[in-house]
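Residue numbering restarts at 1 for every chain, and letters A, B, ... go by the order of the sequence lines. Because the structure is predicted, anything quoted here is derived from the model rather than measured.
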Amino acid sequence: MILGPSNVAGKIETSFLIITAACVALLVAVTITMLVFIYKYNRRRNPVPEDIEENLPLEVVWTVLPTLLVLGMFYFGWVDFDYIRNPPKDAMPIDVIARQWSWTFRYQDGRQTDTLRVPVGKPVKLVLTSEDVIHSLFIPAYRIKEDCVPGLKTHLWFNADQTGTFDIFCTEYCGLEHSHMRAKLIAMPAADFERWYETKEEAKRANKGLELLTTKGCLGCHTIDGSPKVGPTFKGLFGSTVTVTTNGKERTVTADEEYVERSVRNPGADVVKGYPNIMPRLPVTDEELKEIVDYLETLK
Amino acid sequence: MIVQAAGRRDRIGAKYGMWLFLFTEILFFGGMFLLYSVYRSEYPVEFHASAAEENLLLGSINTAVLLTSSLFIAVAISAVKKGSYRLSIIFQVATILMGLAFLGIKSVEWSEKITRGIYPNSPVLDKMKMGDILFFGLYYVMTGIHGIHVFIGICVISSMVYFTLTGNITKENFSKIENTGLYWHFVDIVWIYLFPLFYLIT
Amino acid sequence: MENTASEYESFYHGKGKYKGILSWLMSTDHKRIGIQYLVALLTFFSVGVLLGLLIRLSLIAPGKFIGQETYNRVFSVHGIIMIFLFIIPGVPVAFGNFFLPILIGARDVAFPRLNRFTWWIYLAGATLVVFSLFAAGGAPDTGWTFYAPYSIRAKANITLAVTGVFVLGFSSILTGINFVTTIHRLRAPGMTWFKLPLFVWTLYATGWVQLLATPVLAITLVFIILGRVFGVGFFDPSKGGDPILYEHLFWTYSHPAVYIMVLPAMGIISEVIPVFARKKIFGYKAVAFSAIGIASVGYFVWGHHMFTSGMSDTARIIFSFITFLVAVPSGIKIFNWVSTLYKGSIVGSAPIYFALTFIFLFSIGGLTGLIIGSLEPNLQLHGTYFIVAHFHYVMFGGAGFAILTALHYWFPKMFGRMYPERPAKIGWFILFIGFNLLYFSMFILGYEGMPRRYFDYPPRYFPLHLVSTIGSWILAIGLAIIAGNLLRALFKGPKAPADPWGGRTLEWTIPSPPPTENFAETPVIRD
Amino acid sequence: MTLNATESQDHISSYRTYFFIWAALMLLLVATIAVAKVEVSRYSVLLNLFIATVKAGLVLFFFMHLKYENWFLKGVLFMVLVMLAIVIGLTFSDVWYR
Ligand code: HEA
Ligand code: HEA
Ligand code: CUA
Ligand SMILES: [Cu+2]
């Protein structure tokens with residue numbers, strides 16, 4: 001607890017320190033012995049070598065001792081491992097969905113966010129999965145990570161001890177925007193979290209479109225502020241004329257409702273000039289698409 | 001211990017080399033058997049059902065064909081060692097014919113499936129259950145790579161026929177054909193395992 | 001490379017059927033093949049090194065320096081070249097080819113023509129890989145690990161590159177077969193197993209690893225190719241496949257592969273230290289057997305690359321346990337090397353500088369390997385720069401320094417020239433400083449959570465990245481001095497005597513450079 | 001592990017032996033199909049694999065002359081198979097307990 005902002009962080013840190021200390025001790029021992037020998041048995045100081053070919057007891061000693069040593073190290077890496085891997089029954093489950101290149105966190109009540117909010121002092125279990133390739137959720141401050149594998153559910157758990165905002169990184173190479181596949185973890189006082197969690201969906205309604213863009217991962221590649229990312233920006237898109245490549249031929253189209261729908265439903269059909277044809281076909285229902293279109297219309 | 005004298009061939013060395021190569025082949029196919037066993041343990045029911053799709057008759061005939069070809073090449077090698085080159089050539093050619101027959105039957109099986117639309121990435125297959133997709137994927141890949149081995153074997157034996165004809169392979173110098181035999185038998189052994197795994201687990 | 005004064009003909013002058021470049025490409029002489037490999041390896045190494053410098057340059061500050069698409073390709077190609085084209089073939093094909101037959105008193109390897117063929121396959125594979133960098137579609141951007149399903153979906157020239165690696169694997173297998181057979185069949189009379197030089201022992205162990213591990217890589221790559229070309233979805237979850245199985249198969253090869261890199265390197269160190277300590281190696285048998293020990297235990301630890309992959313906890317515990325066992329034979333080697341110095345009479349020539357540095361750097365690399373091999377710390381350190389630091393310490397600090405050792409130790413024998421030692425030592429010193437600046441900062445970075453394969457990073461990592469980049473320049477200067485020194489000596493150095501170091505193994509009994517048939521008559525080894 | 005030069009003055013198997021082996025293989029083939037068809041129990045798959053192993057053994061030992069080789073090749077072959085088994089076993093320690 002002293003060693004990190006969550007229960008698991010402290011445990012991992014302890015085991016890291018113990019094992020590292022053992023390694024440093026070994027390294028120092030080997031290096032010093034070597035340096036001493038180099039100094040003492042230099043040609044100048046010791047012109048006549050003495051052939052010592054072997055020494056069985058010594059060989060046995062430095063086979064057996066290191067074996068015991070490494071078994072000890074293995075043990076210290078293992079002691080709390082079961083604890084770290086097995087979430088308590090009452091842990092609050094949160095689904096984590098990774099995709100190229102954004103995160104979605106889904107709470108039990110179905111609400112989805114792109115920032116992970118957790119209460120301090122309550123165990124949280126993250127259930128990880130991915131929609132496309134392998135990603136990995138890494139919370140450096142908590143010293144834990146686990147891969148998000150498509151078609152599989154993996155998990156992590158922790159109990160935040162301190163409030164604060166921490167980085168979340170993707171640490172499994174997943175393509176172009178891997179370096180930017182980051183998010184934030186906000187550990188909030190339990191009461192604050194409660195309040196946030198109780199907030200009614202309606203409050204968010206207003207921004208349903210933006211909400212969708214965020215949670216569906218569109219903003220992993222697009223922006224709403226006019227700067228291009230992997231894909232073109234959404235700002236000013238609606239109603240503008242776009243040069244696209246359709247079936248290898250270039251043409252210009254006006255970005256209307258139908259165009260946006262086609263872009264989402266069948267991203268490869270019209271590929272915007274100057275951009276790679278990498279947009280995935282994401283699962284979006286008709287209503288959701290409608291919301292998105294409505295929202296895009298407002299982005300002038 | 002043998003020191004390689006100029007120009008003299010080290011027959012035992014050559015044989016060792018071949019065996020070492022076969023060990024690598026064991027692990028090469030081992031990777032596929034690993035996949036097979038994992039997916040079979042994950043989808044036992046589908047594997048069971050899909051195996052029924054296989055044509056047991058053709059598969060059994062093919063097994064017999066390959067086993068017989070193994071006999072032929074073994075005889076051909078013994079014949080060389082005994083100096084009866086004519087006999088050896090006859091049996092080598094017979095081996096090749098058996099190999100071709102094997103590939104022929106295999107292609108009948110494949111094309112029968114392909115016309116039914118079952119092949120990797122086909123619309124029909126992709127609509128099937130996960131276990132089925134994997135089963136047929138493994139079927140095509142494993143028998144396909146095995147088939148490539150058979151094909152290579154046929155090519156090599158053909159050149160052995162040529163070497164026997166030209167007197168390059170003799171009673172004293174038969175490493176080449178001996179090693180070819182080892183290879184051919186190995187390919188046979190792989191099939192001995194493929195056969196139950198794909199045809200008999202119904 | 002002239003050696004006209006001597007009465008014998010060195011292998012550089014041996015007459016063959018062919019002239020000019022063909023006399024090299026068509027040669028079955030293990031020495032010529034070894035030299036060709038060496039040239040090719042160093043060429044690829046230089047390319048890889050330039051890419052490494054580019055990575056560092058781009059990481060000098062957070063932000064877009066070369067752009068992320070380029071960056072992804074650069075680190076992938078850097079890894080692919082360094083691993084598959086340089087360090088895995090590395091010691092065996094260059095120094096193994098040249099010295100294995102000489103060390104056991106043979107005229108050539110068991111299958112000289114196969115050896116030449118293997119060299120061509122290497123060239124073919126390398127060509128494919130290089131081609132994949134420039135062909136339309138762009139260089140691979142998957143990292144050297146080609147993790148599915150990304151590698152199956154990515155648009156770049158993965159198929160080409162993977163085919164190239166497949167072909168290179170073939171070449172590696174054939175080298176292994178050739179060496180193992182050679183060691184079994186072609187030892188000179190009296191050269192019993194326990195009289196074999198230790199370098200031969202490590203080549204023997206390596207040969208087996210090449211034989212038994214590489215095929216697994218081959219079949220894995222075939223699956224990738226089939227996945228890309230025919231849509232066979234063995235690793236595609238939407239077709240029932242299991243991506244983690246890819247990792248199992250890949251690491252079943254790629255962990256043993258790290259011992260392909262480092263075992264022969266250890267063999268070189270075992271040769272060099274006794275020569276310059278002026279005594280026999282301490283605990284010959286222990287060192288010999290530990291090579292076999294590393295090779296065999298090392299086959300079963302691959303899962304330590306997958307501690308956070310979603311693998312079962314049971315498997316994690318088993319793999320971590322076996323991982324720790326590998327440390328024991330490695331330790332035995334280290335301890336015996338250090339003890340060899342005891343009561344020796346150490347001559348401070350250039351090769352031993354590199355050899356002793358190997359011990360130090362490899363120990364750091366290996367011991368940090370244990371830290372990340374522990375279950376809990378791995379949760380934190382996997383996928384961070386800590387890993388990057390670990391493997392550069394073992395690969396560059398270990399295998400790489402062993403190659404530098406071998407270059408300095410065998411240079412006179414291979415090229416018949418001596419090099420001046422002063423520049424070599426100056427270069428060594430600068431290299432050593434640069435190396436530690438460059439890679440030690442990465443340990444700290446990784447500990448602080450900097451993920452690998454990131455081209456852009458939060459500003460708090462900036463200072464250490466800066467140190468690291470500066471280290472890379474210092475390192476470059478050191479390497480350049482060393483390379484320049486050797487290159488100059490190649491043309492201008494004084495002629496080398498048969499045995500400049502006082503070595504006791506067979507290669508020092510014949511002239512430098514060796515004659516085509518190695519030995520005038522088959523040596524007989526007596527006590 | 002010394003191999004001496006006079007080892008294995010090559011064994012030439014008689015055609016008769018080969019023929020008998022082949023006949024045995026054919027019988028086993030029939031047996032394995034029968035086992036599968038009759039569907040004795042859920043162990044029939046294992047039984048089939050066992051029969052396959054017997055067949056492979058016959059090919060190895062007689063057609064491939066392993067019987068007449070020195071212990072080295074046999075030993076290594078055994079080692080390779082054990083290794084493969086361990087690799088598969090370790091993989092299953094993941095697959096089964098995931
Ligand atoms: C030459 C190459 C090489 C070598 C020799 C090693 C050697 C070792 N490696 Fe390393 N490793 C790599 C190359 C290598 N590695 C690469 C390339 C990667 C990353 C791949 C990627 O993801 O891209 C990697 C990654 C890697 C990981 C995965 C990390 C992760 O991604 O999460 C692990 C985990 O266990 C590991 C462990 C070890 C261990 C325990 C050894 C041991 O063999 C080390 C043994 C040596 C010693 C222990 C030191 C010397 C001994 C003493 C001083 C004596 C006293 C010591 C004791 C008795 C304890 N390595
Ligand atoms: C043998 C293996 C090897 C070697 C030697 C190196 C050498 C270097 N590598 Fe390494 N590297 C890898 C293997 C290696 N690398 C692998 C496998 C990866 C993982 C890729 C992946 O993630 O997929 C990696 C990844 C990697 C990264 C991480 C990228 C990331 O995750 O984002 C970085 C970052 O700094 C890096 C830097 C360097 C640098 C600066 C060098 C420097 O040491 C290079 C310095 C050398 C010089 C500056 C020499 C200059 C001298 C000359 C030009 C003349 C030389 C000629 C002769 C001596 C003949 N490398
Ligand atoms: Cu997602 Cu990296
Ligand atoms: Cu490893």
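Counting only heavy atoms from C-beta outward, the side chains of C:W302 and D:V87 approach each other to under 4.5 Å. Contact of the D:V76 side chain with the C:W208 side chain is registered, since non-hydrogen atoms from C-beta on lie closer than 4.5 Å.
Between the side chain of C:S312 and the backbone N or O of D:S93 there is at least one donor-acceptor pair closer than 3.5 Å.
At a heavy-atom cut-off of under 4.5 Å, chain D is reached by C:D242, C:I244, C:L245, C:H248, C:T252 from residues 235-259 of chain C, listed in order of number.
Between C:H184 and D:F72, the angle of the ring planes lies from 30° to 60°, which puts this pair in the tilted group.
The distance from atom CD1 of C:I318 to atom OH of D:Y97, rounded to the nearest 0.5 Å, is 8.0 Å. For the atom pair CZ of C:F300 and CG of D:L90, the computed distance is 7.5 Å after rounding to the nearest 0.5 Å.
Heavy-atom neighbours of C:Y147 OH from other residues, nucleotides or ligands within 6.0 Å: above the threshold of 12. Annotation for C:K285: atom NZ does not count as buried by contact number, only 12 or fewer foreign heavy atoms lying within 6.0 Å.
In this structure, the portions of D:M83 lying under 4.5 Å from any heavy atom of chain C include both its backbone and its side chain.
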